[in-house]
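First comes the structure, then the notes that go with it.
Keep in mind it's a predicted model, so treat the numbers as computed, not measured.
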Amino acid sequence: MDALANLPFSNLNRLEYPPMSWSRFKKHLYQNPDLGLSVDISRIPFPEGFLATMEKPMQGAFQAMAELEKGAISNPDENRMVGHYWLRAPELAPSDSLRAEITRTLDAIKTFAAKVHEGVIRGPAGSFTHLLVIGIGGSALGPQFVHHALGRPGKDRMSVSFFDNTDPDGIDYVLAGLAGHLSRTLVVVISKSGGTAETRNGQLEAAAAFKAAGLDFRKHAVAVTGAGSKLDQTADKEGWLARFPMWDWVGGRTSELSAVGLLPAALQGIDIDTLLAGAAATDVVTRNTITSENPAALIALMWYFATEGRGAKDMVVLPYKDRLLLFSRYLQQLVMESLGKELDLGGRVVNQGISVYGNKGSTDQHAYVQQLREGVNNFFVTFIEVLKDRTGGSLEVDPGVTSGDYLQGFLLGTRDALSEKDRSSLTITVNDISPRTIGILIALYERVVGLYASLIGINAYHQPGVEAGKKAASSVLVIKVKAAATLAAIPGKTYTAESLAAHLGALDQTEQVYKILERLAANGLVRKQLKTPWYESTYSA
């Protein structure tokens, strides 16, 4: 963070904004033909000398990353290593046992998927044709992103659905789509601890649905979980079809290339070897300690400049490709959970983070680009360009012009329109959407997040805020149970929210009691008598 003192953030105004030009583009376009990747940083308005000023902290970030990959304890809160990079290069793992376990798990995933596809592992009505994945956070966002990006409707080996929340209506919506197919549906439940409420609830809801259909859930179920976890014990005791490991050195938001993401992808029919190969090739490139030759380092430095190293601006992710629709959601968790921290490594309050939002181009031309161009300048944009339009030729929608031409035109036009108003952007270009390219994007951003975290001096690999939210939710559930029991104890006895809170000894949580009573009433579980003012309304069993 000390390097910030040398940067002209406070003096950067429109007159000093470096003009966009062909010469600046030539100077600051990174290209890697082997990866099929280019990164244009020319439209981030860093001045001459910025990269040189940041070279010392960047070298420190490279060193921290090298230590992490060697097995250093990089999550001191939990005394854990951080080893998601080993997933695509097991030979780099710091012990023979870890190397063997990674390789063994990958082999087991491919063997299991092959047996499912061949009908060796099957349901009571025949081969499994549908897959239900139950997870939350990284255990759902990664698999959903890859499923959507690489799916081939009509050609996938299995049709994939997700429970990714504890919303009853959402669960019913997914189950309705599986109506008539449950007997041929395989269920993968993903939870490291086995105690994550949303995933556990989804598992119980799924089991109930199978039971209602006269099916034995155990004969459809697979667990991806930590050794000895609650889920692992349940799967073992009940004799589920298979169990695959989640390791404590792989965080949820970086778990897509572990069994968490590879098992659903393999079952769908995606080439997971090529997915891993793309990530491995990117890791090799992004280990380069020559900053100008490292795309992850360049992107991390652009984040640092654009946000003044303190999250001063949001990041808008605009992929101009429908298959990358979920990439912004995937990046939201990866970036915001990794970087959104109250304390730095020295224990000082810094309240770091970068807010991420986005959808896709050119849909956003008709959504919020108006504000991006003319509203509050509190963001920078990441455009993602995909060169290949489709497999096969394209229709000319105008003479000499295809739909893909329009898509590129909207991307380039929007980028220019933003630059005209001094709105910063960087552009990432890839050749196509393929397993290799998706692996490249996953590995690229994992490395960017790690390097940026080192630049700003925070721990990217823990999530105390998430745990705090879980604890707060638990306290609400305690109040709910007590409130419902109190009402049920004397049917017909009425309470206002305030009187019930007082009865429970929870006057400081009266608002929580009110919200709980309103939901119970909406679901027909208690009776509500509406009164004026509204807070005098009464509730009874």
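Residues Glu385 and Thr427 bring no donor and acceptor atom of their side chains to less than 3.5 Å of each other. In the model, Asn359 has no side-chain atom that pairs as donor or acceptor with a side-chain atom of Tyr368 under 3.5 Å.
Side-chain contact between Trp303 and Leu455 is absent, with no heavy-atom pair separated by less than 4.5 Å. Using a 4.5 Å cut-off on side-chain heavy atoms (C-beta onward), Met315 and Phe379 make no contact. Using a 4.5 Å heavy-atom threshold, the side chains of Asn377 and Lys313 count as touching. Counting heavy atoms from C-beta on, the side chains of Lys70 and Pro94 never come closer than 4.5 Å. Between Leu407 and Leu411 the shortest side-chain heavy-atom distance does not fall below 4.5 Å. Two residues are said to be in side-chain contact when any heavy atoms from C-beta on lie closer than 4.5 Å; Met246 and Ser229 fail this criterion. In this structure, Leu186 and Leu241 have side chains that are in contact, with non-hydrogen atoms separated by less than 4.5 Å. Counting heavy atoms from C-beta outward, Ser355 and Met336 have side chains that approach closer than 4.5 Å.
Using the six-membered ring where Trp is involved, Trp249 and Trp86 have ring planes that are tilted, between 30° and 60° apart. Between Tyr452 and Tyr304, the two ring planes are perpendicular [angle over 60°; tilted spans 30° to 60°]. By the 30° and 60° cut-offs, the orientation of the rings of His28 relative to Phe46 is perpendicular.
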### Met65/Thr286 under side-chain contact (heavy atoms from CB on, under 4.5 Å): CA gap, chis, key distance, verdict
CA-CA 10 Å; Met65 184 65 70; Thr286 56; over 6 Å; no
Problem - Residues Leu98, Met81; criterion side-chain contact (heavy atoms from CB on, under 4.5 Å); working and verdict - result: CA-CA 12 Å; Leu98 283 176; Met81 298 182 292; 3.9 Å; yes
One pair to check against side chain to side chain donor-acceptor pair (under 3.5 Å): Arg253 and Ser338. What are the steps and the verdict? CA-CA 8 Å; Arg253 56 192 174 278; Ser338 297; 2.7 Å; yes
Task: Derivation of the side chain to side chain donor-acceptor pair (under 3.5 Å) call for Tyr173 and Asp167 - done: CA-CA 10 Å; Tyr173 183 91; Asp167 175 12; over 6 Å; no
Tell me, with the steps shown, if Thr437 and Lys388 meet side-chain contact (heavy atoms from CB on, under 4.5 Å). CA-CA 12 Å; Thr437 296; Lys388 185 174 182 179; over 6 Å; no
_Please evaluate residues Glu420 and Arg373 with respect to the criterion side-chain contact (heavy atoms from CB on, under 4.5 Å), reporting the C-alpha separation (whole Å), side-chain torsions for both, the decisive distance (0.1 Å), and the verdict._
CA-CA 9 Å; Glu420 288 172 0; Arg373 188 172 191 271; 2.9 Å; yes
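Cation-pi geometry between Arg243 and Phe112 is not met at under 6.0 angstrom from the ring centre and within 45 degrees of the axis. Because its NZ or CZ atom is not both nearer than 6.0 Å to the ring centre of Phe128 and within 45° of the ring axis, Arg157 does not count as a cation-pi partner of that residue.
To the nearest 0.5 Å, the span separating CD on Glu69 from NE2 on His84 amounts to 8.0 Å. In this structure, Ser255 OG and Trp247 CH2 are separated by 11.0 Å, a value rounded to the nearest 0.5 Å. Here the CG atom belonging to Asp398 is positioned 3.5 Å from the OH atom belonging to Tyr406, to the nearest 0.5 angstrom. We find the CG-OG distance between Asp232 and Ser193 to be 11.5 Å, quoted to the nearest 0.5 Å. Taking OG1 of Thr414 as the start and CZ of Phe383 as the end, the distance is 6.0 Å to the nearest 0.5 Å. Rounding to the nearest 0.5 Å places OG of Ser403 at 11.0 Å from CD of Glu396.
Put simply, the residue from Leu132, Thr129, Leu131, Leu175 that forms a side chain to side chain contact (heavy atoms under 4.5 Å, CB included) with Thr185 is Leu132. Screening Thr199, Val189, Val174, Asn201 for a side chain to side chain contact (heavy atoms under 4.5 Å, CB included) with Phe163, the sole residue that qualifies is Val174.
A distance-only check finds no donor-acceptor pair linking the side chain of Thr111 to the backbone of Ala108 [under 3.5 Å]. Under a 3.5 Å cut-off, the side chain of Gln59 and the backbone N or O of Thr289 do form a donor-acceptor pair. Side-chain N or O atoms of Lys321 include none that pairs as donor or acceptor with a backbone N or O of Ile384 at under 3.5 Å. The backbone N or O of Gly151 sits less than 3.5 Å from a side-chain atom of Arg323, completing a donor-acceptor pair. Within the 3.5 Å criterion, the main-chain N or O of Leu426 finds no donor-acceptor partner in the side chain of Thr382. Put simply, the side chain of Thr225 gets close to the backbone of Lys192: a donor and an acceptor are under 3.5 Å apart. Between the side chain of His117 and the backbone N or O of Leu267 there is at least one donor-acceptor pair closer than 3.5 Å. Looking only at distances, a side-chain donor or acceptor of Arg99 sits under 3.5 Å from a matching main-chain atom of Ala93. Side-chain N or O atoms of Gln352 include none that pairs as donor or acceptor with a backbone N or O of Leu339 at under 3.5 Å. A donor-acceptor pair under 3.5 Å links the side-chain atoms of Asp405 to the main chain of Thr402, judged by distance alone.
Checked for salt-bridge contact, Arg88 and Glu446 meet the test: a charged N lies under 4.0 Å from a carboxylate O. The existence of a salt bridge linking Asp416 and Arg43 is confirmed by a sub-4.0 Å separation between a basic side-chain nitrogen and an acidic carboxylate oxygen.
Taking the salt bridge (Lys or Arg N to Asp or Glu O under 4.0 Å) definition, one finds that Lys360 meets it with Asp322, sequence neighbours left out. Evaluation of the side chain to side chain contact (heavy atoms under 4.5 Å, CB included) rule for Glu293 yields Asn288, Ile290 as partners, not counting sequence neighbours.
Contact between Leu141 and Gln333 at its shortest, heavy atoms only, is CD1-OE1, 3.5 Å. Nearest approach of Ile134 to Ala206, heavy atoms of both residues: CD1-CB, 3.8 Å. Of all non-hydrogen atoms in Ser139 and Val133, the two that sit nearest each other are O-CG1, 4.5 Å. Considering all non-hydrogen atoms of both residues, Arg415 and Ser425 come closest at CG-OG, 3.7 Å. Across all their heavy atoms, Leu178 and Ser161 have their closest contact at CD2-OG, 4.1 Å. Across every non-hydrogen atom of Leu298 and Ser292, the tightest pair is CD1-O, 3.9 Å.
Listed by first then second residue, pairs satisfying salt bridge (Lys or Arg N to Asp or Glu O under 4.0 Å) with a partner in residues 255-282 read Lys110-Asp273, not counting sequence neighbours.
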